[in-house]
Amino acid sequence: MSILNTGGRKGLTWKYYAKKILYFLRQQNILKKLKTYLEYSADEQSFLEGAVLVDQYCNPLSDISLKCIQVQIDDIAAKVCKFLKSKNPRHPTVDRKAGEVLIVSQVELQRQVLDAMNCVLYEQLKYRGNEVDYYNCQNSYIHQVLSRRTGIPISLSVLYLTIAKQLGVQLEAVNFPSHFLLRWCQGKEGSTNIFDYTYIDAFGKGRQLTVKECEYLIGHHVTEEFYGVATAKEVLQRMVGNLLNIGKRESTDQSYQLLRDSLDLYLAMYPDNVQHLMLQARLYFHLGIWPEKVLDILQHIQALDPSQQGAVGYLVQHTLEHIERRKDEAGPDVKLHSDEKHKDITFSIGLVMKHKRYGYNCVIYGWDPACMMGHEWIRNMNVHSLPHGPHQPFYNVLVEDGSCRYAAQENLELNPEPHEIPHPDIGRYFEEFANTYYLANPELEIRYPEDMELTRLAGQKTEESKE
């Protein structure tokens with residue numbers, strides 16, 4: 001923490017690894033809390049606490065606490081009470097104290113609470129279902145739902161259910177297919193008749209639905225079992241499952257991290273799930289990390305399900321080969337600007353650049369004398385349409401939007417007003433921002449030993465041009 005709290009533009013590599021360590025340590029602490037939570041009885045498990053634990057685990061460097069989330073929800077509940085008072089001064093919520101959980105028994109009084117909630121949440125506070133960017137992982141994090149006032153059915157349902165419970169209305173979670181719902185009993189408590197309930201769509205501004213309208217919502221008939229009550233653990237599983245699916249949709253550093261985090265959460269709940277253990281092993285194998293951990297996972301899978309022998313054997317063989325190759329590696333690939341084969345390289349690592357076509361700002365952290373990507377990538381990126389095609393230098397760049405890209409030399413130019421690039425991996429490659437360029441850390445400088453002198457000269461020219 002002392003490293004991370006150090007100001008200035010120096011010590012970027014120290015900060016990068018300090019953040020990695022803090023990320024890991026906090027996740028281990030949250031995982032312990034999650035395992036304790038899972039040991040509670042179903043009646044003791046809070047939907048909100050479960051959602052906060054998922055949020056904390058996937059965002060361990062953010063300042064997220066159940067207490068702060070609860071304060072924000074109390075504030076919304078207070079607004080609902082104020083609204084109810086204006087409509088019905090005798091309503092039992094009028095005298096509610098902050099944080100107090102009420103019990104409202106009469107159906108008509110409960111209906112007034114739900115109507116007031118809909119007015120405050122969706123009309124006054126403008127909460128809404130995020131239809132435009134539905135598959136954004138932010139929709140699943142309760143602190144983001146509260147700050148952005150948008151989410152997906154399950155996250156908005158957790159918020160809605162929690163507020164309703166504090167105001168005396170007991171709602172139940174419904175693990176409906178394709179669209180998470182809540183249900184409200186207006187008949188005999190504990191009834192098994194699905195027609196004794198009104199169903200609430202928190203994603204659809206709290207709209208109240210009949211059984212038939214629920215089917216219209218998803219476009220097909222479902223059996224009665226899908227209208228039953230979902231436990232907090234089942235809701236947690238569905239939330240994590242949503243994040244898993246989002247992580248699978250893309251192949252970026254951010255999506256891989258989300259996939260790793262959501263797999264950790266899922267396996268904390270279901271440690272012997274062979275399907276997800278295999279997915280975890282394949283992910284680690286693909287990323288080339290923790291090969292010894294991959295072998296441990298594969299051994300566990302084999303013990304759980306011997307029928308997986310074929311898939312396990314393939315991964316074991318290739319993981320062992322990877323370990324052997326790592327032992328035989330002589331060292332990093334060194335690239336010299338002065339080599340004849342690198343004579344066309346114009347730029348050097350650490351320079352802050354601008355993309356001529358797309359306008360984004362970035363910093364170079366690697367280069368190749370020609371495009372080193374496969375034929376499919378070259379075709380998909382339409383590289384052959386460039387004047388110099390793939391037979392020109394290409395640069396690895398960290399972009400200000402947090403992405404990593406591979407850019408052709410003809411598309412890059414020196415940024416006339418270089419500034420810091422806010423990328424999470426900047427410290428992985430650089431130690432310091434020196435006003436107009438980045439200083440490589442020792443690890444990167446070993447790979448590009450001649451680059452920093454060229455970068456300093458370019459940076460000095462930029463500073464002189466400003467004067």
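Remember, predicted model here, so these are calculated numbers, not experimental data. Numbering of residues begins at 1 and proceeds along the displayed sequence.
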Positive for side-chain hydrogen bond (donor to acceptor under 3.5 Å, both in side chains) with Asn435, one of Glu420, Arg9, His419: Arg9
Atom CZ of Arg238 with >12 non-hydrogen neighbours under 6.0 angstrom: yes
Donor + acceptor pair across side chains of Asp264, Tyr57 (<3.5 Å): yes
Whether Tyr438 and Phe430 hold their rings parallel, tilted or perpendicular, with breakpoints at 30° and 60°: tilted
Any side-chain donor near an acceptor of the partner, Gln144 and Asp55, under 3.5 Å: no
Ser403 and Arg405: side chain donor to acceptor below 3.5 Å: yes
Neighbour count >12 (heavy atoms, 6.0 Å) for atom OH, Tyr270: yes
Closest heavy-atom pair and its distance - Glu463, Ala434: OE2-O, 4.1 Å
Tyr358 and Tyr360 aromatic ring geometry - parallel, tilted or perpendicular at 30°/60° bounds: parallel
Whether Phe285 and His318 hold their rings parallel, tilted or perpendicular, with breakpoints at 30° and 60°: perpendicular
Gln309 CD: over 12 foreign heavy atoms closer than 6.0 Å: no
Phe24 atom CZ, over 12 foreign heavy atoms within 6.0 Å: no
Geometric class of the His342/Trp367 ring pair [parallel <30°, tilted 30-60°, perpendicular >60°]: perpendicular
Atom pair CD1 (Ile21) and CD1 (Ile3), whose distance is rounded to the nearest 0.5 Å: 7.5 Å
From CA spacing to verdict: ring pair (Phe, Tyr, Trp, His ring centres under 6.0 Å), Tyr122, Tyr127: CA-CA 5 Å; Tyr122 303 109; Tyr127 276 80; 7.3 Å; no
Pairing of Lys79 and Asp75 as salt bridge, 4.0 angstrom limit: yes
Donor + acceptor pair across side chains of Tyr160, Asn118 (<3.5 Å): yes
Nearest-0.5 Å distance that lies between atom CG in Leu31 and atom NZ in Lys33: 12.0 Å
Tyr141 and His143 aromatic ring geometry - parallel, tilted or perpendicular at 30°/60° bounds: parallel
Asn139 side chain to Asn136 backbone, donor-acceptor under 3.5 Å: yes
Geometric class of the His179/Phe203 ring pair [parallel <30°, tilted 30-60°, perpendicular >60°]: perpendicular
From Phe394 atom CZ to Leu386 atom CG, the distance as rounded to the nearest 0.5 Å: 6.0 Å
Side chain to side chain contact (heavy atoms under 4.5 Å, CB included) between Leu412 and His355, intermediate numbers included: CA-CA 5 Å; Leu412 293 175; His355 197 280; 4.2 Å; yes
